Amino acid sequence: MLRGLRTPDPTRRTENYFGPAMVLPALLGLGLFQFYPLVSAVLNSFRTFNAFTKRPTGWAGWNNFIEIFADDVFRNAVLITLIYIVLMIAIVVPMALGLAILIDKRMRGTALARAAILGALASSEAVAALIWNQLYEPGTGLFDAILKSMGLPEQPFLVSGPHAIVSIVVMTAWKDVGLPMLIFLGGLQAISPQLIEAAALDGASSWRIFRRITLPLLRPSLILAIFMVTVAAARLFTPIILLTQGGPDGQTTNVPFYSYAQAFEFSSPGTASASVMFMMVILVGITALQAFVIRDSNDGGRR
Amino acid sequence: MANVNVRKLVKSFGDATVLRGIDVDVRDGEFLSLVGPSGCGKSTLLRMIAGLEPISAGDIVIDGKVVNGLAAKDRDIAMVFQNYALYPHMTVRENMSFALEMRGLSKAEIAASVASAAAILGLEALLDRYPRQMSGGQQQRVAMGRAIVRDPKVFLFDEPLSNLDAKLRVQMRTEIKDLHARLGSTIIYVTHDQLEAMTMADRIVVMRAGVIEQIGTPLDLYDRPGNSFVGSFIGSPAMNLVRCTVAGGDTGPVCVTAGNQILARLPVTKQVAAGATVDVGIRPEDLEVGASGPHAQVVVVEPTGPETQVTASLDGQIVRLVVKGRSSLNRGDKISLRTDSEKLHIFDAETGTRI
Amino acid sequence: MNRTPSTARSGTFIASRRSVLLGGASLIAAVAAPGSRVLAASPGSNPGKYKADLGGYIGPKLSDAPMTLRVLRQEFSPEINAPIRAAYTAFKEAYPNITIEEERIPYGDLAKKVQLYVASGSAPDIMMGSTELAPVYSAGKIAVPLNDYFSQDFIQDIYAPLRESATIDGKVMCLAWESNSSFLYFNRDIFKRAGVATPPEVIEMEGGWTADQYINALRAITEKARKSGDQATFGLASSRFGNRGPGSNYSQLESMWVRMMGDPRAPKDSTAYKTFAGISENGQIATGYLDTPEAIKGMTNYQTLFKEDLSPKGIVADQYKGGVAATDFSSMAFANTFRSQGAPFDWGVSPPLRGAIGFASNVADAPFIYSGSPHIPEAAALLAFLLNDTNRRAFYAARGSMPSRQSLTNEMPEYKSDPVNMLAANVAAGAYGPPKSVGWLDYVNAVNPAVKDIALGVDVADRLHTAARQVDRLLVKYR
């Protein structure tokens with residue numbers, strides 16, 4: 001091959017130009033839509049802007065970062081982002097695992113259940129948020145109507161901060177549980193049924209089979225699912241803007257929504273980019289951690 | 001250790017009946033082999049004994065107790081699977097300890113049991129390895145270790161050697177047989193390989209299409225196959241079955257081939273009316289090249305070293321014979337076949353039953 | 001009439017304007033005051049001077065060079081688009097060298113689209129902006145001051161609150177497109193059912209109910225309705241503005257609850273004045289303006305509506321038109337719909353609510369000319385043509401909205417005889433523009449969520465303080 005590259009053979013040489021030429025469109029697209037925005041976000045986080053025209057006027061050094069860290073709305077948004085991540089993992093992962101186990105049993109109606117779950121996954125996030133917005137509607141929404149008919153007090157689903165965070169997470173869990181569920185389903189179906197039978201013959205109860213055999217064998221799926229849920233939770237945006245607009249009192253504002261508000265409501269591209277960079281660093285950290293954990297688990301006696 | 005009694009056992013999957021009334025008694029300490037072609041129901045029978053498949057009708061009795069409704073985990077039965085089914089996330093030691101742990105034994109007891117089982121199987125050096133770090137033979141041995149360590153009432157083997165190469169298979173065969181001799185445990189062993197069954201089992205159950213064709217010791221089955229199926233299934237190379245008509249002869253009834261050649265005299269013990277059609281079973285080692293007798297043409301000559309297998313065409317029917325030592329025969333040679341009529345097996349051509 | 005901006009924002013100006021609005025006689029006096037103009041040709045019509053009637057245009061002669069003018073505005077329904085399209089055709093006939101390219105987008109996307117175009121450095125020549133953003137257009141040098149292109153008469157003809165909002169340092173940055181100050185609509189059937197007296201049906205800006213009277217009436221209505229098992233009827237309809245529901249649009253709607261509690265005539269260092277002003281004189285500090293005791297009282301009134309279930313906390317579509325809300329705030333839009341399509345119930349109107357003053361906000365869509373336009377005089381001429389009397393009459397007839405220029409309102413008989421139209425005209429003249437700040441967008445974007453939170457029940461004082469501090473911080477970037 002190396003010799004081929006150096007040979008003066010003219011047919012070879014056209015091939016050498018032809019190859020890169022084939023890659024060029026993809027490279028251009030990637031550059032234009034992936035790297036350019038990334039680089040421009042990095043640059044913008046260090047820039048000052050004309051507040052009226054939003055055009056860059058000079059360099060800000062670390063001022064944009066200093067400004068957002070001095071902003072308690074931002075600091076609160078970082079905390080809220082973490083809360084979303086923890087809640088999403090706590091709700092979505094066990095739910096996805098439970099659903100996957102039920103569907104894996106191939107009982108009556110599982111085909112319908114699977115279709116419903118995947119249907120929610122396929123539906124538009126905005127449409128789902130609007131539907132749930134109506135369900136959560138204070139006083140007139142379905143949930144309050146159900147509570148009222150049962151003689152229970154109405155709940156401030158989107159109106160009190162803690163309620164609103166949970167309401168957003170519940171809606172997102174409903175919408176997004178399908179993907180981790182598919183991951184778990186794939187993981188379950190990759191487990192040889194003989195292992196379960198062997199464990200049963202070894203005298204293990206169903207719960208202990210799950211604890212000692214199924215769950216450890218699902219570890220790669222579990223790590224992948226947690227990682228995907230984490231990233232999805234860290235990027236939560238559509239339900240927030242549609243259900244609460246970051247309120248009440250900023251109590252559902254996470255970092256992505258903060259970035260959005262800085263950029264589009266408060267005309268501050270510099271701090272918006274700085275908060276985006278902060279989030280990116282966090283996500284890169286999570287990804288690196290995930291890669292590390294998976295490699296570790298591969299060394300630890302996987303199939 | 002325990003005996004196992006299977007009574008009128010039936011298994012259906014929807015409309016398909018897989019087992020049609022199976023009766024077997026496995027004696028305490030016996031090595032019983034279930035053989036038969038694939039789809040005969042032998043694995044299903046084994047899984048029902050293990051408690052992995054529900055029973056459609058009939059009873060399974062282990063150690064005098066009906067276990068029909070008893071879950072697998074409560075039957076105290078160990079099973080060695082074809083693909084070994086070792087827990088991939090556990091070391092050999094953990095694999096072997098698992099059942100004891102489930103039983104709630106103390107750490108010291110578990111360690112002692114595992115150590116002794118590992119010693120029996122020569123697994124000491126492998127105890128801290130994971131399944132994926134071992135060869136197929138080693139995994140097979142661990143699977144047995146996992147069964148042995150529990151000291152169960154019954155061992156079940158489900159085609160345990162079929163994933164191994166030929167050489168290893170022979171070696172493991174010996175090891176399992178030796179193990180059985182040392183432990184004296186009750187073993188039910190499923191295989192599709194009659195040679196495995198012949199070499200290892202105390203008794204063999206031959207199954208076909210959900211029914212038992214014959215139960216007996218290996219040599220019983222070899223010497224007195226109850227029907228032409230068992231005759232041709234047991235033994236390697238397989239028994240020749242030559243379709244003949246019985247005719248009267250100068251010295252008594254004879255078997256006449258399709259080409260009107262006299263194959264052999266009908267054994268004197270056999271009562272068959274003249275004109276009846278029979279299948280004459282001749283073991284390849286009972287057929288020789290002789291000076292006279294029915295003519296056949298050599299098709300293939302296969303030397304194996306100590307003996308030579310010769311395949312010949314007898315009036316259009318393929319017959320095999322085993323010749324001791326080397327043979328000078330070549331494809332196309334005309335030969336005469338000789339056999340001892342006392343060694344013939346005569347089967348009714350229609351029903352296949354032994355006459 | 002040629003006021004400097006400082007007097008425009010001063011109490012004396014407001015007072016003089018109020019005196020003008022105290023009755024029908026003074027209304028006529030107001031129109032007649034600049035005597036010469038009554039007899040002159042209409043301020044929005046100037047036939048014969050240019051190839052087309054360029055109305056208030058006084059700029060240089062238009063170039064003959066071929067060119068393209070780009071216009072960005074919101075999409076209307078086809079019958080409302082028709083007169084605008086007809087105007088383009090007429091303009092093109094008179095000036096064949098000028099091609100007009102129009103981009104129409106949904107109303108909700110308009111503000112962001114304008115921002116994006118400006119940030120890109122290449123924007124349409126004429127864009128639909130808003131009077132409330134005039135400080136931004138001026139400080140950001142985004143729009144061309146229009147005083148050199150439009151006659152003083154034309155500019156003075158625009159309703160004062162809209163004109164004053166659009167005027168920064170004496171320069172007019174944009175021209176109000178229509179007038180849409182809100183006043184109180186009520187459903188007489190619901191009031192009658194509840195046995196509650198209806199609000200005063202007078203045409204004077206200051207003749208309406210006080211906030212307290214209003215809330216008490218809603219209480220009585222709601223109590224009756226709930227007692228009779230009616231769970232659907234509310235006192236005040238869910239907001240139809242902006243994102244709808246509480247906190248939908250502070251500048252056009254909810255700011256009234258705060259600013260009516262202030263007083264433009266009070267001394268400038270008083271909380272009453274500061275409450276009305278909403279923001280410091282330099283347009284940069286909200287603390288001490290947005291969160292005064294008066295403002296807190298005003299937003300507490302607002303909160304009462306939701307706390308006592310007088311208005312729904314969520315979004316309910318078309319509640320007033322659907323006959324399940326006793327009152328709503330709207331411009332002429334409701335009246336025009338009821339008159340053209342028939343009213344589903346017996347309706348009436350009343351002046352805006354009063355606190356210390358009767359208050360209505362007047363914010364209008366307002367086209368401006370992009371400062372980066374290569375054809376500023378031609379763009380101004382096209383805008384003047386679109387805004388001339390003929391084209392405006394056609395547009396208002398199709399749209400049914402109220403003119404933003406007084407002379408056009410005056411020539412319509414219904415604005416002299418019909419009490420609803422007369423009230424609308426009085427409100428248009430007596431309304432107030434939003435506080436002037438280059439950071440007004442940041443201001444409303446910070447305050448809207450606060451309004452929503454207050455409606456949903458958070459502590460009013462705390463939330464206003466937080467919002468004010470947030471605005472202060474946001475506005476630092478404009479210093």
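As the structure is a computational prediction, the values presented were derived from the model and not from experiment. Naming: A, B, ... by sequence-line order, numbering from 1 per chain.
- The neighbour count for A:F33 CZ, taken as heavy atoms of other residues, nucleotides or ligands under 6.0 Å away, does not exceed 12.
- Using a 4.5 Å cut-off on side-chain heavy atoms (C-beta onward), A:I213 and B:F98 make contact.
- Per-residue counts of heavy-atom pairs under 4.5 Å with chain A were compared for B:A78, B:A85, B:A147, B:G51; the largest is that of B:A85.
- For B:R169, the CZ atom is densely surrounded, since the number of other residues' heavy atoms within 6.0 Å is greater than 12.
- Only the side chain of B:N83 comes within less than 4.5 Å of a heavy atom in chain A; its backbone stays farther off.
- When heavy atoms are compared at a cutoff of 4.5 Å, B:L100 does not approach chain A at all.
- Other residues, nucleotides and ligands place no more than 12 heavy atoms under 6.0 Å from the CZ atom of A:R211.
- For the atom pair CD of A:Q194 and CG of B:D158, the computed distance is 8.0 Å after rounding to the nearest 0.5 Å.
- Panel note: side chain B:Y87, backbone A:A199; a donor-acceptor pair is recorded below 3.5 Å.
- Taking each heavy atom of B:M102 and A:A204 in turn, the nearest pair found is SD-CB, 3.6 Å.
- The two residues A:R212 and B:H89 make their nearest non-hydrogen contact at O-NE2, 2.7 Å.
- Ranked by heavy-atom pairs under 4.5 Å with chain A, the list B:R47, B:Q82, B:Q133, B:R75 is led by B:R47.
- The greatest number of non-hydrogen atom pairs below 4.5 Å with chain A, out of B:R129, B:R150, B:K73, is found for B:K73.
- Both the backbone and the side chain of B:A50 come within less than 4.5 Å of a heavy atom of chain A.
- A:D202 pairs with exactly one of B:R146, B:E101, B:R103, B:M79 by the side chain to side chain contact (heavy atoms under 4.5 Å, CB included) rule, that one being B:R146.
- Counting heavy atoms from C-beta outward, A:L201 and B:F81 have side chains that approach closer than 4.5 Å.
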